[in-house]
Amino acid sequence: MVTDTTSEDGRMRIGELASKANVSTRALRYYEEQGILTAERTPSGQREYGDSAVDRVRLIQHFYAAGLGSRTIAAILPCIDAGHAEPEIVERLRVERALITESIAQLEETRRNLDRVIEHAVHPDPHHCDASRASLTVEHAF
């Protein structure tokens, strides 16, 4: 259990933010390294975050869940803050979507291939495959 470490001015330490946003402190440090989350530092160097950081972390998590990488997220966040996305950002998101669509198509083809393999495994028939026929010919030759 994380002890409430909110300071008198409403700022919270990294452990409390992690708890409230349901992420690890390691993730928060990574977000900071990637430039997608900022923290103030105390005189002793500890990170402190404002209340809005919880929503920011949840938004970042949402973007990751959408398949976006840190660089794309870093480009999108200023648009979110400004309330307007530049055409280049929208195009970048469309490209990301197209890549995901392509990946889905490839996975569906892989699934169809696996379904055929399962069917052959459940209902073996040596005539389904040239390799099976060749191995039977070699076995019967001896």
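Just so it is clear, the values below take in all heavy atoms, side chains as well, and ignore hydrogens, waters and symmetry mates.
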With rounding to the nearest 0.5 angstrom, report the [atom1] to [atom2] distance, [X] to [Y].
X      : Y      : atom1 : atom2 : result
Glu16  : Arg11  : CD    : CZ    : 12.0 Å
Glu108 : Asp115 : CD    : CG    : 11.5 Å
Arg92  : Arg71  : CZ    : CZ    : 8.5 Å
Leu68  : Ile76  : CG    : CD1   : 5.0 Å
Arg56  : Leu37  : CZ    : CG    : 8.0 Å

Side-chain donor-acceptor pair under 3.5 Å between Tyr30 and Ser24, yes or no? no

What heavy-atom pair brings [X] and [Y] nearest, and what distance separates the two atoms?
X     : Y     : value
Gly50 : Met12 : O-CE, 3.4 Å
Ile14 : Thr25 : CD1-O, 3.8 Å
Ser70 : Tyr64 : OG-OH, 2.6 Å
Ile36 : Ile60 : O-CD1, 3.2 Å
Glu96 : Gly67 : OE1-O, 4.1 Å
Cys79 : Glu86 : SG-N, 4.0 Å

Same apolar cluster: Tyr49 and Ile80, side chain cutoff 4.5 Å: yes

For Arg41, does the CZ atom have more than 12 heavy-atom neighbours from other residues, nucleotides or ligands under 6.0 Å away? yes

Got a sec: does the CZ of Arg58 have more than 12 other heavy atoms crowding it under 6.0 Å? yes

Quick one: do Glu119 and Arg116 make a salt bridge, cutoff under 4.0 Å? no

Between Arg13 and Glu48, does any NZ, NE, NH1 or NH2 come within less than 4.0 Å of an OD or OE carboxylate oxygen? yes

Short question: side chain of Ser103, backbone of Leu99 - any donor-acceptor pair under 3.5 Å? yes

Give the C-alpha distance, both sets of side-chain angles, the deciding distance and a yes or no for side-chain contact (heavy atoms from CB on, under 4.5 Å) between Gln106 and Glu109. CA-CA 5 Å; Gln106 291 171 354; Glu109 179 62 26; 5.8 Å; no

Can you find a heavy atom in the side chain of Leu93 that is under 4.5 Å from one in the side chain of Thr72? yes

